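I have placed the structure first, in the form of structure tokens, so that the comments after it can refer back to it.
Note on naming: letters A, B, ... go to the chains in the order of the sequence lines (proteins, then strands), and numbering restarts at 1 for each one. Everything quoted here is computed from the prediction, not taken from an experiment.
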Amino acid sequence: MNTQTPSSPERVDFIREIVAADLRDGRCQSVVTRFPPEPNGYLHIGHAKSICLNFGVAQEFGGRCNLRLDDTNPVKEEQEYVDSIMTDVRWLGFDWGEHLYFASDYFEQLYEWAVDLIETGKAYVDDLSADEIREYRGTLTEPGKPSPWRDRPVEESLDLFARMRAGEFPNGARVLRAKIDMAAPNINLRDPIMYRIVHAQHPRTGDAWCVYPIYDFAHGQSDAIEGITHSICTLEFQDHRPLYDWYVDNLPVPSHPHQYEFARLNLTHTVLSKRTLLRLVNEEHVRGWDDPRMPTLSGLRRRGFPAEGIRDFVTMIGVAKADSVVEVEMFEHAVRTVLNRTSLRRFAVLDPLKVVIENYPEGLTEEMEVLNNPEDLSAGSRSVPFARELWIERDDFMEDPPKKFFRLAPGREVRLRSAYFVTCHEVVKDADGKVVELRCTYDPDTRGGSAPDGRRPKATLHWVSAEHAVAAEVRLYEHLFNSPFPGTDGRDLFEDLNPDSETVLRGCFVEPALADAPIGETVQFERLGYFAADQDSASGALVFNRTLTLKDSWAKLQAQGRHDTA
RNA sequence: UGGGGCAUCGUUCAAUGGUAGGACACAGACCUUUGGAGUCUGUUAUCUAGGUUCGAAUCCUAGUGCCCCAGCCA
């Protein structure tokens with residue numbers, strides 16, 4: 001049984017090295033981090049990396065991590081997203097305690113600081129249009145040129161900015177800009193915009209504001225207000241760091257945080273851009289943000305992925321600055337490791353084939369004792385009813401089996417797990433030649449699954465009593481995208497959508513113990529994979545989602561086309 | 001032709017001037033009342049070229065490749 005964490009505890013990434021050094025050298029007394037999502041979508045597995053990093057670092061060094069909703073753009077943000085973010089962070093296993101903040105909490109302070117900058121001649125109101133601002137900004141290789149409004153009197157900027165706030169101007173009429181350097185090689189420093197006019201309802205501040213700060217003018221100061229020591233973000237913000245520092249250096253902020261950047265997570269067969277996830281939802285390629293095929297935390301949760309598996313995965317992949325695409329198999333391995341250790345075993349037949357045990361007494365039911373988890377004896381056992389008529393998996397029988405097929409076949413004896421050995425004697429077919437029933441006999445001396453004479457069948461099958469089985473719908477899931485790198489090589493992203501990402505199976509049978517399976521709790525259907533009862537389940541109408549398959553070496557042989565080799 | 005980053009097994013992360021290692025994936029073997037799990041073994045890597053050094057993935061120089069930046073998004 002594997003109870004180890006997937007990586008050695010002494011392994012330290014560059015962020016943790018920096019934090020440790022800062023603590024050791026007294027650059028900070030304790031560590032304070034923050035996870036700062038914008039509430040404009042649902043959190044996904046990529047966010048999990050950031051959450052685990054920020055909360056993990058805080059935890060490990062005895063500090064604290066704030067949850068801050070970065071709600072500076074009311075046209076994209078919604079309360080639904082705020083709620084889902086809090087749910088998902090908690091579910092992942094982290095707690096921000098009292099430290100829940102919103103960038104919008106700081107709007108008044110931010111506004112005052114903006115006024116400070118105008119007063120000291122370091123900011124001005126610009127009347128240029130968006131197009132003109134772009135033209136004046138120059139290009140990557142050519143410097144920009146100053147706006148004609150750059151040197152307008154401080155009093156005029158002050159007046160205009162107040163009137164922008166008061167709502168006197170329409171969207172886009174003017175902006176507030178920092179006066180830095182129009183010739184800076186870093187475009188972010190070419191008089192970056194601090195405030196824009198937006199007449200929109202904000203989820204928290206309503207219509208109190210007509211101007212909203214741009215990310216750059218809000219983030220560092222919010223960090224400073226909260227006493228963040230290490231502001232950890234992704235690589236694309238590296239170019240913003242000089243601006244982050246400029247604001248913090250030019251404003252009377254209460255602390256001086258520092259920004260550090262790491263490479264965001266990418267996964268094969270997966271897309272993690274919020275824009276694309278939003279399209280998948282809006283264009284109904286999936287049924288919602290929590291569709292079990294979505295890489296969102298709510299989708300993964302619904303699919304049956306345990307939070308612990310996600311955390312282990314994040315530990316496994318580490319933190320660095322090199323762009324990378326992690327193979328999704330690594331994620332699946334982390335999840336299987338947790339599930340193998342923790343999930344209860346159950347019997348379920350997805351594609352049923354009737355078996356009649358001719359020498360088994362009619363009307364008799366025996367309760368077979370079956371281990372709940374052979375990896376964890378403390379999980380105990382349950383009893384599973386066994387009777388004369390059973391369902392087994394259609395795939396577990398072949399009339400004319402190839403060399404390496406060890407399961408049931410005419411004349412062959414196999415073990416029914418935790419029950420009896422059975423031997424197939426007759427194959428019943430319908431008019432089309434389809435196998436509809438197997439006539440078998442059982443060996444009464446093999447009760448529990450072992451023979452007194454020590455003979456051992458080469459295969460063990462799962463089964464369910466026809467009389468006692470409970471009907472269920474089972475939804476099989478595969479990668480949402482066929483290509484490991486969706487939308488590359490000139491293909492449209494949506495061309496790479498896997499048409500078979502969901503297969504719905506009706507007429508499946510599960511053992512009685514599954515009749516009241518708790519929603520979201522993942523169990524192992526023996527020999528098949530991990531499954532979790534879906535929220536669409538109603539009493540008498542069970543629905544299970546396949547979380548992941550178990551590795552199946554026969555399926556692998558088949559896929560390799562090797563099953564016929566003698 | 002500007003600025004900022006990054007280059008180590010197929011993938012990902014280590015090695016912080018001293019034997020290039022782990023995990024995933026792959027291959028084989030063992031074991032098995034899940035063809036699961038587990039155990040063991042194996043294959044495969046320092047972007048290139050110079051230089052410094054007893055010794056370089058690590059330091060220096062010059063190249064090459066890839067990523068990010070010209071939103072009133074974050």
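- Looking at residues two or more places apart in sequence or on another chain, you find a ring pair (Phe, Tyr, Trp, His ring centres under 6.0 Å) between A:Tyr442 and A:Tyr360, A:Tyr420.
- Proximity of A:Thr268 to the phosphate of B:U11: no side-chain N or O atom is located under 4.0 Å from OP1 or OP2.
- A salt bridge links A:Arg341 and A:Glu308; the closest N-O separation between the charged side-chain nitrogens and carboxylate oxygens is under 4.0 Å.
- A donor-acceptor contact under 3.5 Å is not formed by the side chain of A:Glu329 with the base of B:U11.
- Annotation: ring pair (Phe, Tyr, Trp, His ring centres under 6.0 Å) contacts involving residues 161-190 of chain A, sequence neighbours excluded, comprise A:Tyr111-A:Phe161, A:Phe161-A:Tyr195.
- Residue A:Arg527 places at least one side-chain N or O closer than 4.0 Å to OP1 or OP2 of B:G35.
- For the pair A:Glu142 and A:Ser450, nearest-nucleotide mapping onto RNA chain B gives the more 5' position to A:Glu142.
- Residues meeting the side chain to side chain donor-acceptor pair (under 3.5 Å) test with A:Thr268, sequence neighbours left out: none.
- Residue contacts for A:Thr460: at a heavy-atom cut-off of 4.0 Å it reaches the sugar-phosphate backbone alone, with no base atom in range.
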Check: residues 319-331 of chain A side-chain donor-acceptor pairs under 3.5 Å, at least two apart:
from	atom 1	to	atom 2	distance (Å)
A:Lys321	NZ	A:Gln238	OE1	3.2

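- A donor-acceptor distance shorter than 3.5 angstrom exists from the side chain of A:Glu393 to the backbone of A:Asp351, with no hydrogens or angles considered.
- Between A:Asp396 atom CG and B:G36 atom P there is a gap of 13 Å when expressed in whole angstrom units.
- Not counting sequence neighbours, A:Lys458 has no partner by the side chain to side chain donor-acceptor pair (under 3.5 Å) test.
- Rounded to whole Å, the separation between the P atoms of B:G5 and B:U19 comes to 30 Å.
- In this structure, the CG atom of A:Asn266 is 14 Å from the C1' atom of B:C66, given to the nearest Å.
- A close approach under 4.0 Å does not occur between any side-chain nitrogen or oxygen of A:His462 and OP1 or OP2 of B:U34.
- B:G4 and B:U39: their C1' atoms are spaced 48 Å apart (whole Å).
- Between the CD1 atom of A:Ile317 and the P atom of B:G22 there is a distance of 20 Å, rounded to whole Å.
- Residues satisfying the side chain to side chain donor-acceptor pair (under 3.5 Å) test with A:Thr460, not counting sequence neighbours, are A:Arg415.
- Spacing between atom CG of A:Leu548 and atom C1' of B:C24 amounts to 14 Å, rounded to whole angstrom units.
- Put simply, CG on A:Leu557 is 10 Å from P on B:G36, counting in whole angstrom units.
- For the P atoms, the distance linking B:U1 with B:G65 amounts to 10 Å, nearest Å.
- For the salt bridge (Lys or Arg N to Asp or Glu O under 4.0 Å) test, no residue two or more places apart in sequence or in another chain qualifies with A:Glu17.
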Can you tabulate the close N/O pairs, meaning under 3.5 Å, that link protein atoms to atoms of nucleotides 3-7 of chain B?
from	atom 1	to	atom 2	distance (Å)
B:G3	N2	A:Asp239	OD1	3.4
B:G3	N2	A:Asp239	OD2	2.7
B:G4	O2'	A:Asp239	OD1	3.4
B:G5	O2'	A:Gln238	OE1	3.4
B:G5	O2'	A:Gln238	NE2	3.3

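- Contacts of A:Val75 with the nucleic acid, taken as non-hydrogen atoms under 4.0 Å apart, are absent.
- Side-chain N or O atoms of A:His44 include one that pairs as donor or acceptor with a backbone N or O of A:Leu272 at under 3.5 Å.
- For B:G36, its base never sits under 3.5 Å from the side chain of A:Arg336 at any donor and acceptor pair.
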Between protein and nucleotides 71-74 of chain B, what N or O pairs are separated by less than 3.5 Å?
from	atom 1	to	atom 2	distance (Å)
B:G71	OP2	A:Arg134	NE	3.3
B:G71	OP2	A:Arg137	NH2	3.2
B:C72	OP1	A:Arg137	NH2	3.2
B:C72	OP2	A:Arg137	NH1	3.1
B:C72	N4	A:Leu128	O	3.2
B:C72	N4	A:Ala130	N	3.1
B:C72	N4	A:Gly172	O	3.1
B:C73	OP2	A:Arg196	NE	2.9
B:C73	OP2	A:Arg196	NH2	2.7
B:C73	O3'	A:Arg196	NH2	3.2
B:C73	O2'	A:Asn73	ND2	3.1
B:C73	O2'	A:Lys76	NZ	3.4
B:A74	OP1	A:Thr72	OG1	2.7
B:A74	OP1	A:Arg196	NH1	3.4
B:A74	OP1	A:Arg196	NH2	3.0
B:A74	OP2	A:Tyr215	N	2.8
B:A74	O3'	A:Asp70	OD2	2.8
B:A74	N6	A:His240	NE2	3.1

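- Comparing the same atom, P, in B:C30 and in B:C66 gives a spacing of 47 Å after rounding to whole Å.
- For B:A25, the OP1/OP2 oxygens have a side-chain nitrogen or oxygen of A:Lys551 closer than 4.0 Å.
- For the pair A:Lys556 and B:G36, the criterion of a side-chain N or O lying under 4.0 Å from OP1 or OP2 is not met.
- A:Arg407 pairs by the salt bridge (Lys or Arg N to Asp or Glu O under 4.0 Å) definition with A:Asp396, not counting sequence neighbours.
- Comparing the P positions of B:A23 and B:G38 gives a spacing of 12 Å, expressed to the nearest Å.
- Looking at residues two or more places apart in sequence or on another chain, you find a side chain to side chain contact (heavy atoms under 4.5 Å, CB included) between A:Ala348 and A:Val510, A:Phe525.
- A gap of 36 Å separates the P atoms of B:U64 and B:G22, to the nearest Å.
- Here the P atom of nucleotide B:G36 and the CG atom of A:Asp376 are 21 Å apart, to the nearest Å.
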Secondary structure string for RNA chain B (Watson-Crick or G-U under 3.5 angstrom, | for other-strand pairs):
.((((((..((((....[..)))).(((((.......)))))....(((((..]....))))))))))).....

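- Comparing the P positions of B:A62 and B:G3 gives a spacing of 14 Å, expressed to the nearest Å.
- The residue A:Ser553 sits close only to the backbone: its heavy atoms come under 4.0 Å of sugar-phosphate atoms, none of a base.
- Looking at A:Asp223, its side chain never comes within 3.5 Å of a backbone N or O of A:Ile228 through a donor-acceptor pair.
- Atom P of nucleotide B:C24 and atom CE of A:Met316 are separated by 7 Å, given to the nearest angstrom.
- Between the P atom of B:C13 and the CG atom of A:Leu265 lies a distance of 10 Å, rounded to the nearest Å.
- Among the heavy atoms of the strands lying under 4.0 Å from A:Ser324 are primed sugar atoms or P, OP1, OP2 only; no base atom is included.
- The same atom, P, is picked in B:A37 and in B:U46; the two are 32 Å apart, to the nearest Å.
- Across all strands shown, A:Gln524 has heavy atoms under 4.0 Å from base atoms, whether or not it also approaches the sugar-phosphate.
- B:G28 shows a glycosidic angle more than 90° from 0 and is accordingly assigned anti.
- At least one donor-acceptor pair under 3.5 Å links the side chain of A:His202 to the backbone N or O of A:Asp71.
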